[in-house]
Amino acid sequence: MKIALAQLNPTIGYLTANAQQILIAAQKAASFGVNLLLTPELSLCGYLPRDLLLNPSFVESMGTTLQQLAQDLPPQLAVLVGTVNLNTLATVAGGKPLFNTQALLHQGKVQQLFHKRLLPTYDVFDENRYFEPGTESSTYLLSQTRIGITICEDLWNDEEFWGKRNYAVNPIAELTKLGVDLIVNLSASPYSAKKQYIREAMLRHAAIRYGQPILYANQVGANDDLIFDGCSVGFNRAGELVCRARAFEMDLVVVEFDEEQRDLMPASVASLPASEDEEIWNALVLGIKDYTRKCGFSQVVIGLSGGVDSALVAALATAALGKENVLGVLMPSPYSSDHSVNDALQLADNLSIQTHTLPIGELMGDYDRTLAQLFMGTQFGVAEENIQSRIRGNLLMAIANKFNYLLLSTGNKSEMAVGYCTLYGDMNGGLAVIGDVPKTRVYSLCRWRNSKGEVIPANILTKPPSAELKPGQLDRDSLPPYDILDDILERLINRHQSKVQIIAAGHELEVVNRVMQLVARAEFKRRQAPPVLKITDRAFGTGWRMPIASRWIGESW
């Protein structure tokens, strides 16, 4: 029996196009003699449609599209399609109005429905807002093979692997007791760095522990701040990897299930990215490409300062969209160094992207004159420095509006964490490309890109970082060195370490106190930032739910 894993890239809410993706994959699978096609979680509507699920007409349209897709599919092929289904008991017995469902389509009809049992509510997930959990183990008999159906989180509750359970039931253990021959999992598991290694370790452990072959079909692509890496895989009963789809690309992988041996046979195994930098680079490129395309843009504009952050964003955008679709804008002030302008121009030349130069000195003078009487008797400070950034932000937004470009914000995670960024200035934009990339990783990614052929000028990577908002300004005047800052932020934000633990790791009390205060005070800025492409387990996006009006800094976080 042949089974295919369709690694699809749906667009949220674009039901007809998503159905067409499924149909094309099904036709290709049928040509290979496939018996069962697996598609990712919510493959018909894309993961996660969020409050679109509260719209009855959206849910109704999904049902209509599903029925039409069932009629269009090759009749000999059984297809599992991710969708939602009404909870008909909700109005009587209570509960949420929908189930997160896999629908089995075969011979022109919807034959069976299988409901997700474990609904995550951590990080970016809030599935209890919309869905009622399924209560029964789901199986399907195809030929002489009993297949256990699970959906994403249903796999992530093995107390032996994790050391604890987050839910009362373990669907994999229950399916094993029912005597299934094969377990399939249909997922929309968002990307974070090195997550695939955890997934594969978990799947390998489950296959060995329960003596069950497992197929895992994951979504690929990007929707808003979430990136999906694909990397769909299969493990045989011995926990051996038998197939893997490509990372960060749509793919179709066919694997054979030997019904006599009750096991999966070896098939194609795509390689994973060779390094963490390559993996993150590919994720960010996909994030830019899909966010731009799915939001209806074809071109982007970036403010080029001659610094490392804008250089990385420009290089990523060029890789994602092509040099002809990236515009770099230089906006030098009287405080801009010659090398910053030259470095930005050299970068643009290396990338072969178009540039425009818009000096802002006269505009700064106009602001100074307008505010002179009101600011009389005060010292030059942050307010005046930020005017420069806001002038630049206004110019970039004007260009974006005029030519229908998407403005890419260039601030990194370190800056967003401590508020070293300007609202309505360098924070302007439709997408914060590297808002989840710490400054030290920014340099690492640039060096990785240059190892494939130098595009980022060496001077950008060696000169001290500076916002150049006043004469002789350097980042280190206001912040700890980035290697120190990033380690503190990693411990504070990602690992939730206390002040005592961070100090015990070798950091000075005064520095730790200062960083914790900066992080707390900058929350109002982060709340107004563009969507941040998520590449870590703790990004400043939908999974970050901190209060703004809070006085808590505390001994632990």
Side-chain angles (χ1 to χ4, degrees), residues 301-307 309-310 313 327-344 355-403 405-412 414-432 435 463-479 514 517-530 540 548-549:
V301 58
I302 302 166
L304 295 184
S305 67
D309 298 318
S310 62
V313 173
L327 171 65
V329 181
L330 287 72
M331 295 165 287
S333 80
Y335 304 128
S336 299
S337 59
D338 290 340
H339 65 74
S340 291
V341 175
N342 293 335
D343 290 343
T355 64
H356 284 294
T357 300
L358 304 174
I360 65 169
E362 290 187 11
L363 290 170
M364 290 169 59
D366 290 340
Y367 272 85
D368 289 342
R369 286 185 289 274
T370 301
L371 293 168
Q373 184 174 356
L374 185 60
F375 284 10
M376 186 180 299
T378 65
Q379 295 293 316
F380 180 95
V382 173
E384 289 84 357
E385 292 177 22
N386 286 343
I387 286 172
Q388 297 172 61
S389 181
R390 291 181 175 128
I391 289 171
R392 291 179 173 126
N394 275 334
L395 293 174
L396 289 170
M397 284 305 304
I399 294 168
N401 290 163
K402 187 69 172 179
F403 301 108
Y405 290 172
L406 174 66
L407 172 57
L408 300 182
S409 173
T410 61
N412 61 64
S414 308
E415 295 171 346
M416 287 188 67
V418 297
Y420 201 68
C421 47
T422 304
L423 273 175
Y424 326 120
D426 59 321
M427 290 181 69
N428 277 5
L431 180 67
K463 65 186 179 184
S466 171
E468 294 191 330
L469 298 178
K470 63 181 179 180
Q473 183 183 52
L474 297 175
D475 288 7
R476 64 180 179 229
D477 298 336
S478 305
L479 300 174
R514 173 65 174 152
Q517 290 169 354
L518 289 172
V519 171
R521 291 173 182 173
E523 187 58 41
F524 78 100
K525 291 186 178 183
R526 289 189 292 271
R527 189 69 64 88
Q528 299 178 70
F540 296 134
I548 295 174

* Any donor and acceptor pair, going by atom type alone, linking the side chain of T410 with main-chain N or O of D309 inside 3.5 Å? -> no
* What residues, two or more places apart in sequence or in another chain, satisfy side chain to side chain donor-acceptor pair (under 3.5 Å) together with S310? -> S305
* Structure fact -> Separation between CG (L327) and CG (L304), nearest 0.5 Å, reads 8.5 Å
* Structure fact -> Sorted by chain and residue number, the side chain to side chain donor-acceptor pair (under 3.5 Å) partners of N428 (sequence neighbours excluded) come out as none
* Approximate separation, where rounding is to 0.5 Å, of E415 CD and L479 CG -> 8.0 Å
* To do: Please name all residues satisfying side-chain contact (heavy atoms from CB on, under 4.5 Å) with S414, sequence neighbours left out, ordered by chain then number.
  => N412, P438, K439, Y482, L485, D486, L489
* Set of residues satisfying side-chain contact (heavy atoms from CB on, under 4.5 Å) with respect to V341, sequence neighbours excluded -> L330, P332, L345
Under 3.5 Å, sequence neighbours excluded: what are the donor-acceptor pairs made by side chains of residues 359-376?
residue: D366; atom: OD1; partner: R369; partner atom: NH2; Å: 2.5
residue: T370; atom: OG1; partner: D366; partner atom: O; Å: 2.8

* Asked: Do the non-hydrogen side-chain atoms of K525 and T422 ever get within less than 4.5 Å of each other?
  -> no
* Asked: How far apart are the closest heavy atoms of G430 and P530, and which atoms are they?
  -> C-CB, 3.8 Å
* **V329: which of L395, L407, L358, T355 passes side-chain contact (heavy atoms from CB on, under 4.5 Å)** => L358
* For the pair R390 (side chain) and L423 (backbone), establish whether a donor and an acceptor sit closer than 3.5 Å, ignoring hydrogens and angles. => yes
* To do: Mark yes when over 12 heavy atoms from residues, nucleotides or ligands other than R514 sit less than 6.0 Å from its CZ; otherwise mark no.
  => no
* With I548 via side-chain contact (heavy atoms from CB on, under 4.5 Å) - residues at least two apart -> E523, F524, R527
* Asked: Residues in salt bridge (Lys or Arg N to Asp or Glu O under 4.0 Å) with K463, at least two apart?
  -> D343
* Asked: Excluding sequence neighbours, so at least two apart, what forms side-chain contact (heavy atoms from CB on, under 4.5 Å) with A522?
  -> R526
* Just how far is it from atom SG of C421 to atom CG of D426, taken to the nearest 0.5 Å? -> 6.0 Å
